[in-house]
Amino acid sequence: MTDPFAPTPRDRFTFGLWTVGNPGADPFGSRVRPSISPVEIVQGLAKAGAYGVNLHDNDLVPFDASASERDRIVAEFQAALKDCGMKVPMATTNLFSHPVFRDGAFTASDPKVRAFALRKAKHAIELGVELGASTIVFWGGREGVESDAARDARDAIRWFRECLDYLGDWSQAQDYQLRFALEAKPNEPRGDIYLPTTGHMLHFIETLRNKDMCGVNPEVAHENMPGLSMVHAVAQAMEADKLFHIDLNAQRIGRYDQDLRFASEDLKGAFFLVRLLEGTGGYPRYEGMRHFDAHAYRTEDIDGVWDFARGCMRSYRILAEKAAAFDQDAEVQEILAANHADAEDIGALTAAYSTESDAALEALDLDPDALAARGHRYERLDQLAMEHIMGVRQG
Ligand code: GLT
Ligand code: MN
Ligand code: MN
């Protein structure tokens, strides 16, 4: 029997080299798994049905590699990509591992560190372009402080902007056709990271010189850590045409960044997120990559890593099917239609001010008590969503 949820490259599933390649080290213990080489990761992901693989510069090329070593590694990687029919849609820069970034990269107090970070980011973009990437992610893991005595946050935000403006101008001068996707996180590894949520990033983007080429890369775990709604963050980004990339994983509220297998926590949140991306509830489907930024439990060996990768993709596909079924469910449609009914076309009237609409607004017969008396049946609606998720509601 063929597996109806087996992923295919058409699903546009991608993983980072750093995700399936994660050897299971944490702040309390060393690595538990051997390294999987970039070439083996490409082969394994292709076998599992992924579309592509994303990377940081140093996931592929060691920080201190010579120019000839770099070229050899890249050529070997390119050959594996070609053999396996795998793409590199996104590339990013590691601006957090090396001790030089202990006080930040683009927002470091020392201008020489900022210059070093800028130059490293340029070289990482060149690598990404060489590998065919069209999206460059910026995750400022070290862009923050433990103590605000260190610098004025306004300086940090300005330096961050200057670096992104510089990189945008530079990549346009190279004729690169790139989009920058900015990823927020509230804390960890810094005590506080600047621009902590997708909402903060969306505003910051509006202040950038090359704002049209900049969007966001929201991550489930990073919105959920402080208890925010990933669904709302992604919806706001989509509404602004700024969802350039997405990091799918799972997370329990209030914990360290867990980067768990997609949908393995907050199943309902994952369901509504997939529904949003697939567009079954309205609006166009998100056509970008479905990237998993997660890693296997530390308990796992290499086989467990591939169980993890397959699990991410299967859960997405299962939820996509359930979201479609939910939106086709007659009872769901009936409850939604009743709540959204607008027989008098009042939506058109409140959409924009004019002297006519204002007069019509004033003339409307609106009885707040009658409106307030009405129940919305969201208990039933949510239960229907739950029953679709739990697999007991068919059709
Ligand atoms: C790091 C981080 C992720 C970012 C990656 C991109 S690296 O693993 O935890 O959320 O997306 O820099
Ligand atoms: Mn991420
Ligand atoms: Mn994370």
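We use all heavy atoms of the structure for the numbers below, so side chains are in, but hydrogens, waters and symmetry mates are not. As the structure lists them, so they are numbered: ligands from 1, and atoms in each ligand from 1. Residue numbers count from 1 along this sequence.
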Asker: Considering the heavy atoms of Asp247, write down every atom of ligand 1 situated less than 4.0 Å from one of them.
Answerer: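 Numbered from 1, ligand 1 contributes 11 (O).
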Asker: Quick one: do the Gln251 and Asp266 side chains pair a donor with an acceptor below 3.5 Å?
Answerer: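 No - no donor-acceptor pair under 3.5 Å links their side chains.
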Asker: Would you mind telling me which of Leu273, Val231, Ile389 makes a side chain to side chain contact (heavy atoms under 4.5 Å, CB included) with Lys268?
Answerer: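 Answer after filtering Leu273, Val231, Ile389: Ile389.
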Asker: Please confirm whether Lys185 comes within less than 3.5 Å of ligand 1 when only nitrogen or oxygen atoms on both sides are compared.
Answerer: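 By distance alone, the answer is no.
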Asker: Taking Phe106's backbone N and O only, do any of them form a donor-acceptor pair with Glu143's side chain (distance below 3.5 Å, no angle check)?
Answerer: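 Such a contact is found between Glu143 side chain and Phe106 backbone.
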Asker: In ligand 1, which numbered atoms sit nearer than 4.0 Å to a non-hydrogen atom of Glu183?
Answerer: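 So the atoms of ligand 1 that pass are 3 (C), 4 (C), 10 (O), 11 (O).
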Asker: Please list the nearest protein heavy atom to atom 9 (O) of ligand 1 with its residue and the distance rounded to 0.1 Å.
Answerer: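 That would be Asp257 OD2, 3.9 Å.
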Asker: With respect to the Mn ion (ligand 3), please indicate if Asp293 possesses an N, O or S atom at a distance under 2.8 Å.
Answerer: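 It does not: Asp293 brings no N, O or S atom closer than 2.8 Å to the Mn ion (ligand 3).
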Asker: Hey, is the Mn ion (ligand 3) within less than 2.8 Å of some N/O/S atom on Asp247?
Answerer: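 It does not: Asp247 brings no N, O or S atom closer than 2.8 Å to the Mn ion (ligand 3).
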Asker: Using the ring centroid of each side chain, check whether Phe160 and Phe204 are separated by less than 6.0 Å.
Answerer: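 Between Phe204 and Phe160, which both carry aromatic rings, the centre distance is below 6.0 Å.
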Asker: Just checking Trp139 against His245, ring centres under 6.0 Å apart?
Answerer: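 When the ring centroids of Trp139 and His245 are compared, they turn out to be at least 6.0 Å apart.
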Asker: Among the N/O/S atoms of Asp259, select the one at the shortest distance from the Mn ion (ligand 3) and name it.
Answerer: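 Of all N, O or S atoms in Asp259, the Mn ion (ligand 3) lies closest to OD1.
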Asker: Heavy-atom contacts with His222 under 4.0 Å: which atoms of ligand 1 show up? List them by number with element.
Answerer: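 Reading through ligand 1 atom by atom, the close ones are 10 (O).
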Asker: Are Asn94 and Ser97 close enough that a side-chain donor and a side-chain acceptor fall under 3.5 Å?
Answerer: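 There is such a pair between these side chains.
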Asker: Any side-chain donor paired with an acceptor under 3.5 Å for Glu69 and Ser66?
Answerer: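 Yes, because at least one side-chain N or O of Glu69 sits under 3.5 Å from a partner of the opposite role on Ser66.
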Asker: Count the heavy atoms of every other residue, nucleotide or ligand shown that sit under 6.0 Å from CD of Glu126, and state whether that count exceeds 12.
Answerer: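 For Glu126, atom CD is crowded (more than 12 foreign heavy atoms under 6.0 Å).
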Asker: Which ligand 1 atoms, with their elements, are less than 4.0 angstrom from a heavy-atom of His56?
Answerer: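 Close to His56: 5 (C), 6 (C), 7 (S), 12 (O).
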Asker: Of all the N, O or S atoms in Glu219, which has the shortest distance to the Mn ion (ligand 3)?
Answerer: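 Of the nitrogen, oxygen and sulfur atoms in Glu219, the Mn ion (ligand 3) lies nearest to OE2.
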Asker: Any chance the rings of Tyr316 and Phe13 have centres within less than 6.0 Å?
Answerer: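 Yes: the rings meet the under 6.0 Å criterion.
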Asker: Looking only at protein heavy atoms, which one is nearest to atom 1 (C) of ligand 1, and what is the separation?
Answerer: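 Checking every protein heavy atom, the shortest distance to atom 1 (C) of ligand 1 gives Trp139 CZ3, 3.7 Å.
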Asker: Considering only non-hydrogen protein atoms, determine which one is nearest to atom 8 (O) of ligand 1 and report residue, atom name and distance to 0.1 Å.
Answerer: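 That would be Trp18 NE1, 3.3 Å.
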Asker: Students should be able to answer this: which protein heavy-atom is nearest to atom 3 (C) of ligand 1, and at what distance?
Answerer: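 Of every protein heavy atom, Asp293 OD2, 2.9 Å lies nearest to atom 3 (C) of ligand 1.
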Asker: Tell me which N, O or S atom of Glu183 sits nearest to the Mn ion (ligand 2).
Answerer: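 The Mn ion (ligand 2) is closest to the Glu183 atom OE2, counting only N, O or S.
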Asker: Between Asn54 and Lys87, is there a side-chain donor-acceptor contact under 3.5 Å, judged purely by atom types and distance?
Answerer: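 Looking only at side-chain atoms, Asn54 and Lys87 do not form any donor-acceptor pair under 3.5 Å.
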Asker: What's the OD1-the Mn ion (ligand 3)-NE2 angle here (Asp257, His222), rounded to 10 degrees?
Answerer: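 It rounds to 100°.
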Asker: Should Glu219 be counted as touching ligand 1, given the test is an N or O pair under 3.5 Å?
Answerer: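 Yes, there is a polar N/O contact under 3.5 Å.
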